[in-house]
Amino acid sequence: MDIGALLTSAGINIAICVVLLSLYSILRKQPSNVSVYFMRRLISEQIKPDPFGLERLVPSASWIVRAWQATNEDILAAGGVDALVFLRIVVFSIRIFIIAAMICVFLVLPVNYYGHAMPHNEIYAESPEVFTIGNVKEGSKWFWTHCLALYVISCSACVLLYFEYKSISKMRLAHITGSPVNPSHFTVLVRAIPWSRDHSYSKSVENFFSTYYPASYVSHQMVYRASRVDKLMKDAEKMYRMLKTIESQSKESYLPCLCGGTTHSFTALNIEEESVKSKTSDDGLQPSQREKLEKKDVEKIYKKLKTIELQNKESSMPCLCGGILRSFKVPKTEVENVEHKANSDGLQPSQTDKERPAAFVFFRTRYDAVVAAQVLQSSNPMLWVTQLAPEPNDVYWSNLSIPYKQVWLRKIATLLGAIVFMFVFLLPVTFVQGLTQLDQLRQTFPFLRGILKQKFMNQLVTGYLPSVILMLFMYAVPPTMMLFSTIEGAVSRSERKKSACTKVLYFTIWNVFFVNVLSGSIIRQLSVFSSVRDIPTQLAKAVPTQATFFTTYVLTSGWASLSAEVIQLFPFLCNWFKRFILRKQEEPCSSSALTFPHHTEIPRLLLFGLLGFTCSIMAPLILPPLLVYFFLAFLVYRNQILNVYVPKYDSGGLFWPIVHNTTIFSLVLTQVIALGVFGIKRSPVASGFTIPLILLTLLFNEYCRQRFSPVFKRSPAQVLIEKDRQDENFGRAEEIYKLLRTAYCQFPLLCPDVSTSQDLSIPGNSGQNKDHESSQDPESPNPGNQLVKLNE
């Protein structure tokens, strides 16, 4: 590959970016696309479409200006702490690579280019290798420039990391102290509740915490296996939203009149009271539960549905004065579908809302909850396992039914699955590497020799096509890792996304960096890793030669992916299909909104950071396109956070330790590769100065681990006690207890009414005085299933 192939790849990606960004600036102005490009604002505020004009069809940069002018307070209000921390990753990358670009482009790059006394061609015809450290002759006295640049980049990165870690730690503490009352601060998730023949899980929880935490235990809420009743309620809610949308679109009425008016006449839905009762007559619930479900909740939903009319058939009749008479009839298909689901469940009392060996336990203060979550509850660590509960909107309910004894087995199984998937992925990576080597490609595919003789096709195949193929294969990685994280048994959505983020990060670093650097084939990979002592030397030889491929990968996977991110192609096509093919228009709701994909975007940023660090002194040509990517990412992600993504939970910046550790790894890897290069090039002075730099970087990482990392693992008692005292002084106890009653409700329609609940401020009173029998062991196929109402 020559510089011409690199410029061809850059030109293609620049054209793609310009086209997609211009198209986005037009599409976002169309009223039909408001739910795609302004979902967050559409849910939180009313958006009035602009009147039609030619400016709707003309590209503009107004969205860039608004994204640039947004403050940190705007980002915090729109996306929470997690969104602000993500943007801090981008800002950190911009700062460190501006420093790296200044010193490497103006100091290191000339040394690399003139490292050999040789005649040079025109820049367009030069090989990219002449711009790398491999072009510097052995024993050159100019290696001090590379060592100096390495020191400057490493020290600058450590200083910036320190201040970022310190700032985000304060931000996390402010999130704990300054946020409204969070039920998760008072709640402990208890798993592996021991089964007893004598009483139910609920009674076991009550007895245990009333005995060992009599002054701080308030109440608890059991976890139940999800049933068809829950799915029925979700279907009813979905149908209600759909009908409500149609009703809002059919407010105008058209009646035959003498002045040219028109009207709609409707045939209303015939939902009889017996239809509501039939939904719960055969569901297998206990009498008291069925009575509550019928009289209070289901009847309420279907009474709402009864008032909404659905357009099914439109017939047009001429009016006396030219108007149109339109009559509408509403089919009972949707209602009958929901009724059929309810009546055909065949649910029996032993199969409905099964009680599981897990519960949310509520405490009087935050400090009491933290103490109960961190101590060992039993002499058997596999029983009464406690942890701080996630936020109510963050709970992943389906995984709470997994027996705790299976969790460690699931983690091992998913780890093995991820490793197997990682090695299977070697096949497309090896194929991509074959495309970058023109001679090998001609030998493998002789029929391509005539095509590859054309200069443009040669540059296209070797410069652009490999990175595109690798990027397309990489799109399958995040969904696969998210599936593995779900099987792993994560109890919260943020924990699942964090686990998926870590897996995707390891996967991309291994396959995109190490496999591409160290291999031309799978056999060669195995031979490289058979000798661990040769790894620095092999990296030192391979990284400069692969720097051009990494540059094209930044152009393709970086620039083009940002353009695809801002245009939201898949949501746009789905919205277009619903509106113009299915003729459906639904009201926006938070349940259908997108959340920020941390598990895909954070690994991409960190991978590009790794490529920037490792190639900075080896092949500085990667730094300008990398800086362009980070500047564009800063604008694109701010725009998406402000307008598109809806935060459903906030982990308080728990992703930052992953960023810090990966950055330290990138720095140490860069220093090890530089040490290998200096050894190959016979520069003992540069090698001698590099070894202390590695040790200092590791010491800095250990200091940060001791100084800041505990804040992201545990909450300080000082902060919690001060918050508890403030609540006590301002008399917020009753407000907090009322909030806890319905915060963790697995089945919202079965939640207890606050007005009928007992006072939770009495220490040790759980309000659950009835003993609900569990007749089976939790590990058996049919465990007990009694439904317990909190504080009944």
Side-chain angles (χ1 to χ4, degrees), residues 92-93 95-109 111-112 115 132-134 136 138-166 509 513-514 517 532-544 547 550 606 608-620 622-623 626 659-709:
F92 165 79
S93 302
R95 289 174 176 173
I96 186 60
F97 287 115
I98 284 179
I99 298 174
M102 291 177 62
I103 189 171
C104 291
V105 171
F106 295 105
L107 180 63
V108 175
L109 187 61
V111 173
N112 291 345
T132 68
I133 197 173
V136 182
E138 294 183 4
S140 174
K141 63 180 180 180
W142 290 100
F143 279 112
W144 67 266
T145 58
H146 300 82
C147 187
L148 176 63
L150 185 62
Y151 262 86
V152 171
I153 294 172
S154 299
C155 294
S156 301
C158 290
V159 171
L160 291 174
L161 276 177
Y162 174 81
F163 285 109
E164 290 292 344
Y165 218 152
K166 183 177 181 181
I509 289 178
F513 181 76
F514 285 104
V517 165
V532 178
R533 292 178 300 176
D534 294 338
I535 291 179
T537 304
Q538 295 292 340
L539 290 173
K541 292 179 179 178
V543 168
F550 292 146
L606 296 179
F608 289 157
L610 173 68
L611 298 180
F613 282 121
T614 54
C615 296
S616 56
I617 65 170
M618 306 295 166
I622 197 176
L623 294 177
L626 197 62
V659 178
H660 176 87
N661 295 333
T662 306
T663 306
I664 293 295
F665 170 78
S666 302
L667 287 174
V668 173
L669 179 63
T670 302
Q671 294 158 7
V672 170
I673 294 174
L675 181 63
V677 171
F678 295 151
I680 293 174
K681 295 294 184 178
R682 303 185 185 278
S683 178
V685 176
S687 300
F689 276 100
T690 305
I691 295 175
L693 184 61
I694 298 175
L695 298 178
L696 290 175
T697 305
L698 294 176
L699 287 175
F700 167 76
N701 180 56
E702 182 63 21
Y703 170 77
C704 290
R705 192 178 69 85
Q706 299 291 337
R707 171 64 178 84
F708 301 115
S709 182

Could you give the distance from SG (Cys615) to CD1 (Ile673), rounded to the nearest 0.5 Å?
8.0 Å
Let me confirm one number: the CD1-CZ distance from Ile617 to Phe143, rounded to the nearest 0.5 Å.
10.0 Å
Do Ile509 and Leu610 make a side-chain contact, defined as non-hydrogen atoms from C-beta onward lying under 4.5 Å apart?
yes
What pair of heavy atoms forms the shortest contact from Pro620 to Asn112, and how long is it?
CD-ND2, 3.7 Å
Please verify the inter-ring angle class for Phe97 with Phe613; under 30° counts as parallel, over 60° as perpendicular, anything in between as tilted.
tilted
For the pair Glu138 and Arg682, find out whether any cationic side-chain nitrogen is under 4.0 Å from an anionic carboxylate oxygen.
yes
Flag the pair Glu702 and Arg707 as a salt bridge only when some basic side-chain nitrogen lies within less than 4.0 angstrom of an acidic carboxylate oxygen.
no
Tell me the closest heavy-atom pair linking Ala686 and Cys147, and the distance in Å.
O-SG, 4.1 Å
If you measure from OG on Ser93 to CG on Leu626, what distance do you get to the nearest 0.5 Å?
8.0 Å
Heavy-atom closest contact (Ser687 atom, Gly679 atom, distance):
OG-N, 3.7 Å
Check whether the ring centres of Phe550 and Phe513 lie less than 6.0 Å apart, and answer yes or no.
yes
Hey, what do you get for SG (Cys158) to CD1 (Ile153), rounding to the nearest 0.5 Å?
12.0 Å
Tell me, do His660 and Asn701 make a side-chain contact under 4.5 Å, heavy atoms counted?
yes
Is Ser140 reaching over with its side chain to a backbone N or O of Val136, donor-acceptor style, under 3.5 angstrom?
no
Stepwise, does the ring pair (Phe, Tyr, Trp, His ring centres under 6.0 Å) test hold for Tyr162 with Phe708?
CA-CA 9 Å; Tyr162 174 81; Phe708 301 115; 5.6 Å; yes
Check whether any side-chain heavy atom of Thr663 lies under 4.5 Å from a side-chain heavy atom of Ile96, and answer yes or no.
no
To the nearest 0.5 Å, what is the distance between CG on Leu150 and CD1 on Ile694?
8.5 Å
Donor-acceptor pair, distance only, cut-off 3.5 Å: does the side chain of Lys681 make one with the backbone of Gly134?
yes
Given side chains that start at C-beta, do those of Gln671 and Leu675 come closer than 4.5 Å, heavy atoms only?
no
Taking the side chain as every heavy atom from C-beta outward, state whether Val152 and Ile99 have any pair of such atoms under 4.5 Å apart.
yes
Evaluate the side-chain proximity of Cys704 to Leu161: yes if any heavy-atom separation is below 4.5 Å, no if none is.
no
I'd like to know if the side chain of Ser154 reaches the main chain of Tyr151, judged simply by a donor and an acceptor atom lying under 3.5 Å from each other, with no hydrogens or angles considered.
no
Minimal heavy-atom distance between Leu623 and Cys104, with the atoms involved, is CD1-CB, 3.8 Å
Just do the side-chain contact (heavy atoms from CB on, under 4.5 Å) check on Phe700 and Ile664 with the steps written out, would you?
CA-CA 9 Å; Phe700 167 76; Ile664 293 295; 3.9 Å; yes
Candidate list Val677, Thr132, Val517, Leu669, test side chain to side chain contact (heavy atoms under 4.5 Å, CB included), partner Val543, passing option:
Val517
Could you go step by step and tell me if Val668 and Phe665 meet the side-chain contact (heavy atoms from CB on, under 4.5 Å) rule?
CA-CA 5 Å; Val668 173; Phe665 170 78; 6.0 Å; no
Could you check whether Phe689 and Phe678 have their ring centres less than 6.0 Å apart?
no
Taking side chain as C-beta onward, heavy atoms only, is Leu667 less than 4.5 Å from Leu693?
no
With side chains defined as the heavy atoms from C-beta onward, is the minimum distance between Thr614 and Ser666 less than 4.5 Å?
no
